[in-house]
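Quick caveat, the model's predicted, so the values are computed rather than measured. Chain letters run A, B, ... following the sequence lines, proteins first, then strands; residues in each count from 1.
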Amino acid sequence: MSNQKIKITLPDGSEREMDKGVSGLQIALGISEGLARNVLAAKVNGEIWDSNRPIEQDATVQLLTWNDKEGKSTFWHSSAHLMAEALEALYPGVKLGIGPSIENGFYYDVDFGDRTFEGAELETIEAKMIELARNKSEYIRKDISKSEAIAYFENKGDEYKLDLLEGLADGTITFYEQGNFVDLCRGPHIPNTGFIKAVKLLNIAGAYWRGDEKNKMLTRIYGITFPKAKELQEYLFMLEEAKKRDHRKLGRELELFTFSEKVGMGLPLWLPKGTLLRERLINFMKKAQDKSGYQQVTTPHIGHKALYETSGHYEKYGKDSFQPIATPNEGEEFLLKPMNCPHHCEIYKYKPRSYKDLPIRYAEFGTVYRYEQSGELHGLTRVRGFTQDDAHIFCMPNQVKEEFIKVIDLVLHVFKVLGFNDYTAQISLRDPNNREKYIGGDEAWNKAESAIIEAAAEKGLETVTVLGEAAFYGPKLDFMVKDALGRRWQLGTIQVDYQLPDRFELEYIGADNQKHRPVMIHRAPFGSLERFVAVLIEHCAGNFPLWLSPDQITILPISEKFTEYAEKIRMLLDENDITGFIDNRDEKIGRKIRDAEVKKIPFMLIVGEKEQEEEKVSVRKHIDGDLGSYTPEEFVKYFKGLIADSLKN
RNA sequence: GCCGGCGUAGCUCAGUGGUAGAGUACUUCCUUGGUAAGGAAGGGGUCAGGGGUUCAAAUCCCCUCGUUGGCUCCA
């Protein structure tokens, strides 16, 4: 044991002299035994290490527990190894792909050979994992040479690990061993398997090796583990609650939309209430756009095939799309429109444009059709026919940034009014290694990409940048929101495009009396109305903001003797553009209230003998209950005030 | 498109080879009731579709369609 000292700096800024070779665990022990029991890993100079790995030089050390994101991910990664150990014990000869931690838990990709893995077997694996966890096997890190590593997996016959090893440099390879299981792994891991107290394997799915559909499909087993049984119970409860928000379930229950096999998969049918919701969203957007200088245009649902050949969409997507519509005339073909932009380009072109006209902003709630892969369809979030709150801004190059910023403001306004605070702004750029996926030259792309980056920076937007996510004609700024089950969906999108103006030969006459090419910005704050409604439903669990709610009010007469008075109230609401209906079923008031609560109707107006005499209504609010009695006029004023408040910003 | 699961009444679901069920919704009647389910009666299913095994199939097998969890894709 060396008695050389090193300096350890803790997150609170305090410094400690410790022996060289001290581990995170030992540092924790020096603070408190309780902490030491809970330490899962250590962050050493920003890098996550095993808590028992010796620290050889001065370092900033943060001890990671279950309360830290990195602590959890280490825990789950170790759990993946535990599951792999259980799998090898139960199914000798299985081959393993990769087994990382994910946002909520972990998975491991497994090749069971010719065997079909049954979901029912998950419980057996869970039991085995718990059994192995009780052994408290330590996770032991080993540096190993590449040749030894290759020899090990050649002997084991695991081609996936050999494939992974190919990409690794000699001298950087580590194995981790726990119990009877050895895995190629960078680490880090928790001290031993005994930390894992509760296990739930959630589901199985197919996943291509290395995410490439040309490769073999492995069985991916998803799971989650916890250091306490109670935390698993809570997690499972939360999952159940999340399922109750599923827009597919609420959409049916609240009578918003439906699907029909006969109409076709992925083609939503909007019911009256869903349509009302859509219309409210559309009016909201139109109003916001009117203020921002947009003009509404309307274009047909089909267009000549040549239109999309010009735009490049046909070449890029034609073979995977709804196929052209033939006419009686030989060789004449139309396409169901997958995009509105080519139509809008033609509107731009219908007359010569002056620089004084720009920017021109054409907006359309355009319904488009795309042949999405059958396996991709999902409720309203991924459909084959949907309505975009689309608009195309045609502007001069020096107006791009300003216009882009205005669109960011519009998107943020929408998110703010609807309470979407938890979104990710993603800058989607070209994949530098795969340029043939895109049209257009480097110069235009570079200009477009920097316009987005600058505009986002200028707005102080927190962004993540993802290479390879750009549209084929230009980079994008996408706004992503999670659904009830944590799946991320793209809502708003803003795209800078130098390509389509070129392809459609769009022009304007500049101050110099010369022809110039405008730049296009494609943008859709909702993205698609269908997806937006889906995410909105899950976000508010079907309890829509008053101004959006399809049923704003139901009037509940105590008995049929008061339907006439109820009708008077309804007419007053009608005059004030408030949506209300009378529940005049032959049911008791308790029943009517219950049904209105279940249908999540924001307000109930109860009218009986007392109300009729006093010319009042008893107001009951969804979830909150009785608000007392109001005169009808007072209530209308109160109601309108609530709506005005929620639309302020 | 690929891998796995699922498909019984409008909805939620029971029914493991022997005459299709429950709750709820719906219809009719009784009840005219004061803040989350009043009572009674009734109608409703080619058990997704097609083929096969069997004396007999909702049930076992195959195909198709739809749906679902992922993967790949996403203008």
- Query: Quantified in whole Å, what is the P atom distance between nucleotide rG10(B) and nucleotide rU46(B)?
  - Reply: 9 Å
- Note on the structure: Regarding the side chain of M265(A), the nearest nucleotide among rG5(B), rU35(B), rC65(B) is rC65(B)
- Rounded to the nearest angstrom, tell me the gap between atom NZ in K214(A) and atom P in rG1(B). 19 Å
- Within the structure shown, what part of the strands sits under 4.0 Å from F259(A) by heavy-atom distance: base, sugar-phosphate, or nothing? nothing
- Query: Do R382(A) and rC74(B) share a donor-acceptor pair, side chain to base, under 3.5 Å?
  - Reply: yes
- Task: Would you mind classifying the nucleic acid contact of T219(A) as base, sugar-phosphate or nothing, using non-hydrogen atoms under 4.0 angstrom?
- Result: nothing
- Message: When both hydrogen-bonding distances must be under 3.5 Å and the geometry is Watson-Crick or G-U wobble, what is rG7(B) paired with, if anything?
- Response: rC65(B)
- Assign G211(A) to base, sugar-phosphate, or nothing according to its heavy-atom contacts below 4.0 angstrom with the strands shown. sugar-phosphate
- Item | Cation-pi check, R384(A) onto Y371(A) ring (under 6.0 Å, within 45° of axis) | yes
- Closest to side chain of I204(A), choosing from rG4(B), rG34(B), rA75(B): rG4(B)
- Item | F365(A), F386(A), F479(A), F420(A) screened by ring pair (Phe, Tyr, Trp, His ring centres under 6.0 Å) with F532(A), the one that passes | F420(A)
- Task: Would you mind telling me which residue lines up with the more 5' stretch of RNA chain B, F472(A) or D246(A), judged by nearest nucleotide?
- Result: D246(A)
- Heavy atoms under 4.0 Å, any strand shown: does S311(A) hit a base, just sugar-phosphate, or nothing? nothing
- Taking OP1 and OP2 of rA25(B), is either one under 4.0 Å from a side-chain nitrogen or oxygen of R252(A)? no
- Does a distance-only test, which skips hydrogens and angles, find a donor-acceptor pair under 3.5 Å between the side chain of E261(A) and the base of rG7(B)? no
- Message: Consider side-chain hydrogen bond (donor to acceptor under 3.5 Å, both in side chains). Of H344(A), H392(A), E403(A), which one does R361(A) pass it with?
- Response: E403(A)
- Message: Over all strands shown, is Q490(A) touching base, sugar-phosphate only, or nothing at heavy-atom distances under 4.0 angstrom?
- Response: nothing
- Take atom P in rA25(B) and the same atom in rU12(B), then report the distance between them in whole Å. 15 Å
- Query: For E560(A) and rG34(B), what is the distance between atoms CD and C1' respectively, to the nearest whole Å?
  - Reply: 16 Å
- Message: Using atom C1' in both nucleotides, what's the gap between rG43(B) and rU35(B) to the nearest angstrom?
- Response: 33 Å
- Message: Looking at R594(A), I'd like to know whether one of its side-chain N or O atoms comes within less than 4.0 Å of OP1 or OP2 on rU35(B).
- Response: no
- Counting just side-chain N and O atoms, does R591(A) come under 4.0 Å of either OP1 or OP2 of rU35(B)? no
- Return yes if the base of rG70(B) and the side-chain atoms of D109(A) contain a donor-acceptor N/O pair under 3.5 Å, otherwise no. no
- Task: Compare side-chain N and O positions of K476(A) against OP1 and OP2 of rA75(B) and report whether any pair is under 4.0 Å apart.
- Result: yes
- Query: So which heavy atom on W209(A) is nearest to which on N215(A), and how close?
  - Reply: O-ND2, 2.8 Å
- Does the side-chain contact (heavy atoms from CB on, under 4.5 Å) test come out yes or no for N446(A) and R430(A), once each step is laid out? CA-CA 10 Å; N446(A) 292 338; R430(A) 262 191 312 183; 3.8 Å; yes
- Between F504(A) and Y348(A), does a ring-ring contact (aromatic ring centres under 6.0 Å, His included) hold up when you go through it step by step? CA-CA 10 Å; F504(A) 281 91; Y348(A) 178 90; over 10 Å; no
- Note on the structure: Pairing partner of rG42(B), by Watson-Crick or G-U wobble and under 3.5 Å for both distances, is rC26(B)
- Query: In Watson-Crick or G-U wobble terms, both distances under 3.5 Å, what is the partner of rU35(B)?
  - Reply: none
- Task: May I ask you to say what I558(A) touches in the nucleic acid, namely base, sugar-phosphate or nothing, with a heavy-atom cut-off under 4.0 Å?
- Result: base
- Between C341(A) and F562(A), name the one whose nearest nucleotide on RNA chain B is closer to the 5' end. F562(A)
- Task: May I ask which nucleotide in the shown strands pairs with rG21(B), Watson-Crick or G-U wobble, both distances under 3.5 Å?
- Result: rC13(B)
- Task: Would you tell me if any nitrogen or oxygen in the side chain of R248(A) comes within less than 4.0 Å of OP1 or OP2 on rU67(B)?
- Result: no
- Task: Determine the Euclidean distance between corresponding C1' atoms of rU53(B) and rG15(B); express it in Å to zero decimal places.
- Result: 22 Å
- Message: Under 4.0 Å, counting only non-hydrogen atoms across every strand here, what does E253(A) touch: a base, just sugar-phosphate, or nothing?
- Response: nothing
- Send over the distance from L377(A) CG to rG1(B) C1', rounded to a whole Å. 11 Å
- Could you work out the separation of rU8(B) and rA14(B) based on their C1' atoms and round it to a whole Å? 10 Å
- Measure the distance between the ring centre of Y317(A) and the centre of the six-membered base ring of rA75(B), then answer whether it is under 5.5 Å with planes under 30°. yes
- Message: By the 4.0 Å heavy-atom rule, please label G590(A) as base, sugar-phosphate, or nothing.
- Response: sugar-phosphate
- Could you tell me the separation between the NZ atom of K216(A) and the C1' atom of rC3(B), rounded to a whole number of Å? 11 Å
- Specify whether Y473(A) and H313(A) have parallel, tilted or perpendicular ring planes, treating 30° as the upper limit for parallel and 60° as the lower limit for perpendicular. perpendicular
- Query: Using a cut-off of 4.0 Å on non-hydrogen atoms, how would the nucleic acid contact of R487(A) be classed: base, sugar-phosphate, or nothing?
  - Reply: sugar-phosphate
- Task: Look at the aromatic rings of Y638(A) and F603(A) and report parallel, tilted or perpendicular, splitting at 30° and 60°.
- Result: perpendicular
- Name the nucleic acid region contacted by Q388(A), choosing base, sugar-phosphate or nothing; use a 4.0 angstrom heavy-atom cut-off, strictly under. nothing
- Message: Can you check the distance between rA58(B) and rC29(B), where both ends of the measurement are the C1' atom (answer in whole Å)?
- Response: 36 Å
- Task: Can you tell me the pairing partner of rC73(B) across any strand shown, Watson-Crick or G-U wobble, with both distances under 3.5 angstrom?
- Result: none
- Message: Under 3.5 Å, is there any donor-acceptor pair linking the side chain of D586(A) to the base of rU32(B)?
- Response: no
- Would you tell me if any nitrogen or oxygen in the side chain of H378(A) comes within less than 4.0 Å of OP1 or OP2 on rG70(B)? no
- Look at the side chain of Y371(A) and the base of rG1(B), then say whether one donor and one acceptor between them are separated by less than 3.5 Å. no
- Distance in angstrom units between M217(A) CE and rG70(B) P, rounded: 14 Å
- How far, in whole Å, is rU24(B) from rG17(B) if one measures between their P atoms? 30 Å
- Reckon Y222(A) touches a base, only the sugar-phosphate, or nothing at all at heavy-atom distances under 4.0 Å? sugar-phosphate
- Please report, rounded to the nearest Å, how far the P atom of rG38(B) is from the NZ atom of K592(A). 11 Å
- Query: Can you tell me how far C1' of rC2(B) sits from CH2 of W209(A), to the nearest Å?
  - Reply: 18 Å
- Message: In terms of relative ring orientation, are F257(A) and F259(A) parallel, tilted or perpendicular, with 30° and 60° separating the classes?
- Response: perpendicular
- Q426(A) and T424(A) side chains, donor-acceptor separation under 3.5 Å: no
- Query: Whole Å only: how far is the CZ atom of R220(A) from the P atom of rC71(B)?
  - Reply: 6 Å
- Query: For rC60(B), which nucleotide in any strand shown is its Watson-Crick or wobble partner with both distances under 3.5 Å?
  - Reply: rG52(B)
- Distance, P atom - from rG52(B) to rG7(B), rounded to whole angstrom: 23 Å
